[in-house]
Visitor: 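The following block contains the structure, expressed as structure tokens.
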Amino acid sequence: FFVAVIFGQAATAAYTTIAVTFLVEVVKLNSTATGLVFIVVLMSIIPGNFCSKYLMRKTNPIVTVKVCVILYIIINFATFLTLTGPEVGYLVWPYSAIWGFMLG
């Protein structure tokens, strides 16, 4: 369990650095749009936190962390496969909301 938490925290910490570079270099977002992406992520953490709390009540914290980490990996994999350039930049907004939800 603690090993999963360690890797999950490392992935979350790396996300902030990698996401900024990815959004600027691949999707060609400017600094204002990149900042707004992180505001959307932060706003989406709140409902994600309530969902996590609900899952913990229904199952247990270990199952909740496993589900969250697996879904986070799947979402990131799908995001980086579909965000291939500025022409699909509109997908950043729903993906940022999903990222925030999963971080919650």
Visitor: Taking only residues at least two apart or on different chains, which pairs with a member in residues 90-104 satisfy side-chain hydrogen bond (donor to acceptor under 3.5 Å, both in side chains)?
Guide: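 Matches after skipping sequence neighbours: N76-W99, T82-Y95.
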Visitor: Going hydrophobic residue to hydrophobic residue with side-chain gaps under 4.5 angstrom, can you get from L103 over to I74?
Guide: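 No, separate clusters.
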Visitor: How would you list all residue pairs meeting ring-ring contact (aromatic ring centres under 6.0 Å, His included) that involve residues 28-84, not counting sequence neighbours?
Guide: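 For residues 28-84: F22-F80.
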Visitor: Do V37 and M43 land in one hydrophobic cluster if side-chain heavy atoms of ILVMFWY residues count as linked below 4.5 Å?
Guide: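 Hydrophobic grouping puts V37 with M43.
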Visitor: Could you measure the distance from the NZ atom of K58 to the NZ atom of K53? Nearest 0.5 Å is fine.
Guide: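 Atom-to-atom, K58:NZ and K53:NZ are 14.0 Å apart.
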Visitor: If you measure from CG on L91 to CD1 on I98, what distance do you get to the nearest 0.5 Å?
Guide: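 Answer rounded to 0.5 Å: 9.5 Å.
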Visitor: Using 0.5 Å steps for rounding, measure from the CD1 atom of I75 to the CD1 atom of I70.
Guide: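 Between atom CD1 of I75 and atom CD1 of I70 there are 12.5 Å.
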Visitor: Under 4.5 Å between side-chain heavy atoms, hopping through other hydrophobics if needed: is there a path connecting I18 to M102?
Guide: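 No.
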Visitor: Do M56 and I62 share a hydrophobic cluster (ILVMFWY, side-chain heavy atoms under 4.5 Å, transitive)?
Guide: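 No; tracing contacts between hydrophobic side chains, which count when under 4.5 Å, never links both residues.
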Visitor: Identify the heavy atoms of V88 and T84 that sit nearest to each other, and give their distance.
Guide: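 So the minimum-distance heavy-atom pair works out to CG2-N, 3.6 Å.
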Visitor: With heavy-atom distances below 4.5 Å as the criterion, would you say the side chains of T64 and T59 are in contact?
Guide: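 When only atoms from C-beta onward are counted, T59 and T64 do touch, with a gap below 4.5 Å.
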Visitor: L29 and side chain to side chain contact (heavy atoms under 4.5 Å, CB included): which single residue from V92, V24, L36, V20 fits?
Guide: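 The side chain to side chain contact (heavy atoms under 4.5 Å, CB included) with L29 is passed solely by V92 among V92, V24, L36, V20.
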Visitor: Should I46 and V40 be counted in the same cluster of Ile, Leu, Val, Met, Phe, Trp and Tyr side chains packed under 4.5 Å apart?
Guide: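 No; V40 is not reachable from I46 via cluster members.
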